[in-house]
2 protein chains.
Amino acid sequence: MKLSTKGRYGVKAMFDLAQNYGSGPIPLNNIARRNNISEHYLEQLIAVLRKAGLVKSVRGAQGGYILSKSPETITVGDIIRVLEGPIAPVDCVNEDEPEHCENADFCITRNIWAKVRDSVAQVLDSITLKDMLEESKNLQEQSYMYYI
Amino acid sequence: MKLSTKGRYGVKAMFDLAQNYGSGPIPLNNIARRNNISEHYLEQLIAVLRKAGLVKSVRGAQGGYILSKSPETITVGDIIRVLEGPIAPVDCVNEDEPEHCENADFCITRNIWAKVRDSVAQVLDSITLKDMLEESKNLQEQSYMYYI
DNA sequence: CTTATTTCCTACTGATTTGCTCGGCTTTCT
DNA sequence: AGAAAGCCGAGCAAATCAGTAGGAAATAAG
């Protein structure tokens, strides 16, 4: 039940882009440096995000990446699904094309995995990049208060 | 975010033992055959469950395995934790000993993974083997009704 | 006492996934 | 022209997965 670094790095990178939303294209090496991620590896991940239409790229000098939609319209679930595939603890409850299983109708464990899938999806789909930006602002205010 | 076969097979095997609870020790080859699992492989998994105290074994002819507690006191979460380790989509929100991360206090993504962990744990910890037995009975009744 | 049944234990293995690295090509701004 | 970026494909070491293989020890039944 672990997430791979694809999903983790992907969410970090997208959050970084959200924090810089409106400031033009952000070069990948900036994102990689700020988040301690190998630039070459992140390149492969963001290529997937680009092909899925979540980010746009600007080539050439002063180029970089931009969110293709505003932060409130992108959820963590969107990012995870692109990088990790459909949310499902086991293949027989896959969101897209559930693997066929002849005794699915009578399978008790299957119902459990469906519940897990739904609860994970509910959490991930309810959090937008904008929510994260706001939470980040709250945290900063709190730590400011702490030093008064 | 996939469960391995360890968790899946383990829950199936434990549910099988729950269905046979009170009928003395159940030999492993029966469980393996009923659930289409390699007996040798299941052997390794049930050894872990035994060492964790979830099942008891009876050696020798007419031996086998028995749940060490009644089905209503064993949750799916208990089984998964034994076979797959602590529930956590990433190590920094591990239930037992979270991996140290110096900027955990300011990490926004960390909060997301903690929410995922909690929602998964909530689902898995709320389902006991007895719940599964009852659901199984309901399903059987429904399919009986269907044929009247 | 012997034999069949069953658990217990250790080691090995092929396939797949993960988490990268390396090198080079193309585009575009200055 | 040159530097700064994205784009692309190949390769690779380590870990994990999902088993196999083979036998030793315990116990019930005959």
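Naming: A, B, ... by sequence-line order, numbering from 1 per chain.
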Are [X] and [Y] linked by a side-chain donor-acceptor pair shorter than 3.5 Å?
X: Asp78(A); Y: Thr75(A); result: yes
X: Asp131(B); Y: Thr128(B); result: yes
X: Tyr9(A); Y: Ser38(A); result: no
X: Glu99(A); Y: Asn94(A); result: no

Notebook entry, point to check: Given the rule in the side-chain contact (heavy atoms from CB on, under 4.5 Å) test, do Leu133(A) and Phe15(A) qualify, once you have shown the distances and angles that lead to the verdict?
Noted result: CA-CA 8 Å; Leu133(A) 289 175; Phe15(A) 177 55; 3.8 Å; yes
[atom1] of [X] versus [atom2] of [N]: gap in Å, rounded?
X: Tyr41(B); N: dC17(D); atom1: OH; atom2: P; result: 8 Å
X: Leu49(B); N: dC8(C); atom1: CG; atom2: C1'; result: 15 Å
X: Glu43(B); N: dA18(D); atom1: CD; atom2: P; result: 18 Å
X: Glu84(A); N: dG19(C); atom1: CD; atom2: P; result: 9 Å

Between the protein and nucleotides 11-16 of chain C, list the N/O to N/O atom pairs that are separated by less than 3.5 angstrom.
none

Next item on the list: Report the end-to-end axis angle of the helix from dC1(C)-dG30(D) to dT30(C)-dA1(D); each axis comes from five terminal pairs, and the value is rounded to 10°.
Entry: 10°
Closest listed nucleotide, where the reference is the side chain of [X] and the choices are [options]:
X: Ala61(A); options: dA4(D), dC8(C), dT27(C); answer: dA4(D)
X: Tyr65(B); options: dT7(C), dC20(C), dT21(C); answer: dT7(C)
X: Gln62(B); options: dC8(C), dT6(C), dC20(C); answer: dT6(C)
X: Ser4(A); options: dT7(C), dC22(C), dT18(C); answer: dT18(C)

Check: What residue among Leu49(A), Ile66(A), Leu129(A), Ile26(A) forms side-chain contact (heavy atoms from CB on, under 4.5 Å) with Leu17(A)?
Finding: Ile26(A)
Check: Picking from Glu84(B), Met14(B), Lys12(B), Lys6(B), what satisfies side-chain contact (heavy atoms from CB on, under 4.5 Å) with Ile79(B)?
Finding: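 It is Met14(B); the other options fail the test.
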Next item on the list: Could you tell me whether Leu28(A) contacts a base, only the sugar-phosphate backbone, or nothing, with contacts defined as non-hydrogen atoms closer than 4.0 Å?
Entry: sugar-phosphate
Next item on the list: Just call it for Arg50(A): base, sugar-phosphate, or nothing, with non-hydrogen atoms closer than 4.0 Å on any strand.
Entry: sugar-phosphate
Item checked: Cluster check Phe106(B), Val11(A): I/L/V/M/F/W/Y, side chain < 4.5 angstrom ->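 Result: no, two separate clusters.
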Item checked: Side-chain donor/acceptor of Arg59(B) to base of dT7(C), under 3.5 Å -> yes
Notebook entry, point to check: If you find the nucleotide of DNA chain C closest to Ser38(A) and the one closest to Ala47(B), which residue's nucleotide is nearer the 5' end?
Noted result: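 Result of the comparison: Ala47(B).
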Notebook entry, point to check: Closer to the 5' end of DNA chain C via nearest nucleotide, is it Val58(A) or Arg8(A)?
Noted result: Arg8(A)
Note to self: Please check: side-chain N/O of Arg110(B) versus main-chain N/O of Cys92(B), any donor-acceptor pairing under 3.5 Å?
What the structure shows: yes
